[in-house]
Student: 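Pasting a structure below so you can have a look.
Whatever order the structure lists them in is the order used to number ligands and atoms, beginning at 1.
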Amino acid sequence: MMKIHIFSTGYCKNWERIVVSDGHWRIVKFPSLCALIEHPTRGYILFDTGYSPRVFEAARSWPYRLYTWVTPITCSEEDSAFHAIAKRGIDPHDVATVFLSHFHADHLGGVRDFPHATFVYARSAYDAVKDLRGWKALHRCFLPDLLPNDFSARSRPFDDREPANCPTELTGFPNGYDILGDGSLIAIALPGHAQGQMGLYIPQCHQGPHFLIADSVWRLSTITANAMPHRLARVIIEDYPAFLDTVHRLQSLHHHHPSVRLIPTHDALLSPC
Ligand SMILES: [Zn+2]
């Protein structure tokens with residue numbers, strides 16, 4: 001049985017109403033959550049690496065500086081995934097695998113803090129950004145300096161251009177990619193927000209089944225109350241029709257499988273466990 005620890009790595013501030021139609025015109029905090037998954041035989045797997053002060057370093061030069069201007073971030077060394085893991089009495093160096101949902105900077109902040117880990121992600125997600133620099137990278141919210149020089153050498157991407165062939169019981173998401181080969185962690189495509197974005201479904205979890213749904217929605221109320229982002233937010237959604245299709249399938253999943261805990265990365269209303 002798997003165990004999951006969910007924690008925040010700092011936050012950015014933005015207009016609540018831009019993010020969800022049931023929000024107010026006020027500035028609110030949006031955390032960047034990570035999940036540490038404890039596998040009984042394969043050790044620790046980290047889902048995304050959140051913010052860390054490394055984001056400020058990677059955004060020091062022009063035009064990357066605009067990234068932290070547009071979404072002001074609060075994150076100390078203590079908030080980083082590395083420290084959050086250590087605070088739980090777990091040695092962060094024991095994290096064997098880091099799963100990356102997509103390559104936006106708020107998911108890559110701590111990548112350099114895990115120099116012994118293997119990185120797992122959808123090939124198309126990295127291919128979409130790996131050669132981008134300057135404005136083109138910024139447009140994809142990608143800060144190249146967040147990745148270490150040996151990133152590719154330590155990567156074990158899966159080919160999401162091949163059909164997903166690991167069946168799930170989830171309505172709307174019948175197939176995924178079996179990450180460890182034992183059916184314990186199933187990567188599921190969540191198109192729309194960013195090229196190659198993947199969520200992670202954990203069917204056998206001590207705290208009940210979990211589906212980490214990354215940035216497919218920013219708030220759970222998009223799924224539970226159909227609260228869609230403001231049209232201004234569409235400029236940062238890569239493929240809006242695909243985003244809507246993913247939301248509708250998540251709504252159907254939630255309706256048919258209410259016991260599956262859906263975890264969007266930036267929902268401050270969720271209580272970490
Ligand atoms: Zn994102």
Student: Verify whether the ring centers belonging to Phe142 and His102 lie closer than 6.0 Å.
Tutor: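 No, the ring of Phe142 stays outside the 6.0 Å limit from the ring of His102, centre to centre.
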Student: Enumerate the protein N/O/S atoms at a distance below 2.8 Å from the Zn ion (ligand 1), ignoring waters.
Tutor: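 Listed by chain and number, the atoms are His102 NE2, His104 ND1, His193 NE2, Asp215 OD2.
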Student: State whether Phe119 and Arg156 meet the cation-pi test: NZ (Lys) or CZ (Arg) under 6.0 Å from the six-membered ring centroid, and within 45° of the perpendicular axis.
Tutor: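 Verdict for Phe119: no cation-pi partner in Arg156.
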Student: Using the side chain to side chain donor-acceptor pair (under 3.5 Å) rule, collect all pairs that involve residues 53-66, keeping only residues at least two apart or in two chains.
Tutor: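 Every side chain to side chain donor-acceptor pair (under 3.5 Å) pair that includes a residue of residues 53-66, provided the two are not neighbours, is Arg54-Asp113.
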Student: Quick one: list whatever passes side chain to side chain donor-acceptor pair (under 3.5 Å) with Tyr11, sequence neighbours left out.
Tutor: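 Side chain to side chain donor-acceptor pair (under 3.5 Å) list for Tyr11, sorted by chain: empty.
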Student: Apply the side-chain hydrogen bond (donor to acceptor under 3.5 Å, both in side chains) test between His107 and each candidate in Thr9, Asp215, Thr49; give the one that qualifies.
Tutor: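 When Thr9, Asp215, Thr49 are each tested with His107, the side-chain hydrogen bond (donor to acceptor under 3.5 Å, both in side chains) holds only for Asp215.
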Student: So which pairs with a foot in residues 142-151 pass side chain to side chain donor-acceptor pair (under 3.5 Å), sequence neighbours left out?
Tutor: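 Only Asp150-Arg154 qualify under side chain to side chain donor-acceptor pair (under 3.5 Å).
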